[in-house]
2 protein chains.
Amino acid sequence: MTEPAARGADFGALLVPVPMRTAGQRIAERLVTAIALGEFEPGQRLPTERELAATLEVSRTTVREALQRLQAAGYVTTRRGRGGGTFIQTGAGPGSEEMIKRTLVPAWDQLTELLDYRRLIEQQIARTAAERRSGADIETIRRVVAEYAHAVGRDASRLADHALHQAIARATHNPRLAELSARIRREVGLGFDAEPYTPHMRRRALRQHPTLAEAVIAGDPDRAARLADRHFSLTDDMLTELRARLHMRTGGENDARSQGQ
Amino acid sequence: MTEPAARGADFGALLVPVPMRTAGQRIAERLVTAIALGEFEPGQRLPTERELAATLEVSRTTVREALQRLQAAGYVTTRRGRGGGTFIQTGAGPGSEEMIKRTLVPAWDQLTELLDYRRLIEQQIARTAAERRSGADIETIRRVVAEYAHAVGRDASRLADHALHQAIARATHNPRLAELSARIRREVGLGFDAEPYTPHMRRRALRQHPTLAEAVIAGDPDRAARLADRHFSLTDDMLTELRARLHMRTGGENDARSQGQ
DNA sequence: GTCTAAAGGACTGGTTTTTAGACCATTTTG
DNA sequence: CAAAATGGTCTAAAAACCAGTCCTTTAGAC
């Protein structure tokens with residue numbers, strides 16, 4: 001569709017706006033989104049400014065700029081001194097829901113598209129893994145599934161989840177596919193290599209993981225694909241719930257220029 | 001593995017850099033994507049630098065920086081004077097693509113891996129397209145298949161082939177998947193000296209294309225996937241041909257099934 | 001031909017953003 | 001109390017970006 005016209009074609013749609021947000025703004029938005037998706041528990045401490053600067057590959061000044069935005073918006077508080085740091089503000093009031101909406105809505109379509117992308121890729125990964133897994137793969141997958149069952153707490157769960165999907169991705173014996181999977185998962189985590197997380201989701205994942213793993217181990221591609229498809233729609237469901245809870249509308253809402261400060 | 005430290009969450013291993021791309025880089029990437037997706041016809045003229053600066057809301061300096069990147073990478077050429085401008089490079093010119101080829105052309109085992117990767121991705125694309133294609137998609141696919149049959153010569157065939165697979169990729173209604181497909185096809189094309197074409201291959205494609213298209217149109221995911229799988233497993237022939245053409249040696253025989261990282 | 005308009009190319013000066021680093025202030029821990 | 005770990009502050013320099021001016025090349029009009 002959209003055949004380019006003879007001359008003076010319709011660049012319009014695909015090549016127009018270039019938002020020039022500063023690094024501080026982008027980092028702040030990323031963190032707000034992460035908070036909205038439940039990446040952090042209330043009261044949880046973020047890495048130190050110096051750590052963040054190092055891992056985000058950005059100067060500490062920039063990190064501080066982002067954190068100060070969050071602080072001003074009431075998402076976090078900071079404490080000085082040893083053992084201090086930046087802490088997720090517990091029970092961000094209804095006032096900050098507005099902020100979440102403002103940050104989240106413009107990115108909504110993009111997020112949905114990304115999750116769909118991941119679902120399709122992971123589906124194919126599961127299918128291929130079921131076709132190609134070797135004895136060593138089976139062993140690894142078994143071990144990792146067991147570890148997931150024992151993991152307690154959200155961080156441990158995330159690591160175990162990551163390990164399982166990585167094990168399956170590697171069982172495809174195509175490094176590029178495995179790398180793609182890892183990259184998408186990282187992106188979904190909004191830079192935090194972690195999924196949106198709720199206890200409810202963990203229970204579901206806990207049920208689904210062994211089944212998926214068994215399908216791969218058993219060498220049943222279609223079943224593996226079907227299960228992966230269902231498994232990776234978890235996040236979709238969560239987003240839907242979030243949208244309902246925030247009474248968000250994802251229609252036009254094309255937030256144009258909000259040149260703060 | 002990577003036991004979380006006693007204190008606080010193990011962000012250290014999980015955080016990922018925020019790439020601080022400059023505006024020039026981002027614009028260049030956007031254009032490369034659009035070109036890879038076939039948004040432009042070869043030889044087509046982009047808007048003038050001054051127009052681009054206005055519509056992208058950046059300075060002309062920044063636009064020029066982006067365009068110079070594209071030029072250096074061989075995606076576009078520029079002509080000065082009245083009626084001049086920036087033009088999409090018609091695929092044939094291997095002159096400036098030499099450099100890209102050098103960087104992209106993988107070692108032997110990596111090429112094998114790349115082709116396998118493509119096969120898996122395109123398989124999933126065919127499957128998804130068969131599930132999601134709309135009436136408009138069907139129309140486009142029908143038209144493009146017909147065009148392929150009429151195409152004569154190497155360039156025309158290649159363009160028609162590209163058009164068909166792009167039409168199918170778009171029928172997935174996931175832009176990222178379509179982009180991935182385009183990127184892989186481009187990389188494969190460069191890896192094969194931009195001419196993976198023999199009369200024999202064309203005859204085969206001429207037989208396979210309508211069948212694949214019909215499966216997508218008919219909405220038969222499994223059949224579409226199977227056909228795509230077969231279609232994209234011309235790899236043996238291609239590899240043999242490539243080896244002959246480039247007098248390549250298979251090098252270190254790094255088992256492509258290696259568990260990198 | 002000559003002239004003019006429309007393009008890219010090159011430069012200048014100035015503002016904002018980002019960086020790297022040193023140093024200060026505060027708080028916990030040994 | 002001393003050490004260590006944290007956020008807070010400041011400065012100088014680099015990089016990115018911008019707005020504008022002028023130059024060079026080229027096609028088309030006269």
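So you know, we letter chains A, B, ... as the sequences are listed, proteins then strands, and number each from 1.
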Length of the [atom1]-[atom2] vector between [X] and [N], whole Å:
X	N	atom1	atom2	value
B/F87	D/dT26	CZ	C1'	12 Å
A/E65	C/dT16	CD	P	14 Å
B/L67	C/dA7	CG	P	14 Å
B/R82	D/dA29	CZ	P	7 Å
A/Q71	D/dG7	CD	P	11 Å
B/L52	D/dC18	CG	P	13 Å
A/R64	D/dG7	CZ	P	8 Å
B/E49	D/dC23	CD	C1'	14 Å

Legend entry - Any B/T78 side-chain N or O less than 4.0 Å from OP1/OP2 of C/dG9: yes

Inset, instruction - Would you indicate, yes or no, if D/dA5 has its OP1 or OP2 atom less than 4.0 angstrom from a side-chain nitrogen or oxygen of A/R50? - result: no

Inset, instruction - Using a heavy-atom cut-off of under 4.0 Å over every strand shown, decide if B/R79 touches base, sugar-phosphate, or nothing. - result: sugar-phosphate

Inset, instruction - Describe the nucleic acid contact of A/T61 in one word from base, sugar-phosphate, nothing, applying a heavy-atom distance below 4.0 Å. - result: base

Inset, instruction - Test for a donor-acceptor pair under 3.5 Å between the base of C/dT27 and the side chain of A/R80, counting only N and O atoms. - result: no

Inset, instruction - Check if the side chain of A/R60 and the base of D/dG8 share a donor-acceptor pair of N or O atoms closer than 3.5 Å. - result: yes

Inset, instruction - By nearest nucleotide on DNA chain C, pick out whichever of B/G85 and A/R21 is the more 5' one. - result: B/G85

Legend entry - Most 5' of A/T22 and B/T48 on DNA chain C, judged by nearest nucleotide: B/T48

Legend entry - Taking every non-hydrogen atom, the tightest pair across B/A23 and B/T62: CB-CG2, 3.6 Å

Inset, instruction - Kindly assign one of parallel, tilted or perpendicular to the pair A/H209 and A/H165, based on the angle between their ring planes and the thresholds 30° and 60°. - result: perpendicular

Legend entry - Flag, side chain of B/Q68 to backbone of B/E65, donor-acceptor distance under 3.5 Å: no

Legend entry - Donor-acceptor contact below 3.5 Å, side chain B/T172 vs main chain B/I168: no

Legend entry - Straight-line distance of B/E29 CD to B/L31 CG, nearest 0.5 Å: 10.5 Å

Inset, instruction - Hunt down the Watson-Crick or G-U wobble partner of D/dC30, both distances under 3.5 Å, from any strand shown, or write none. - result: C/dG1

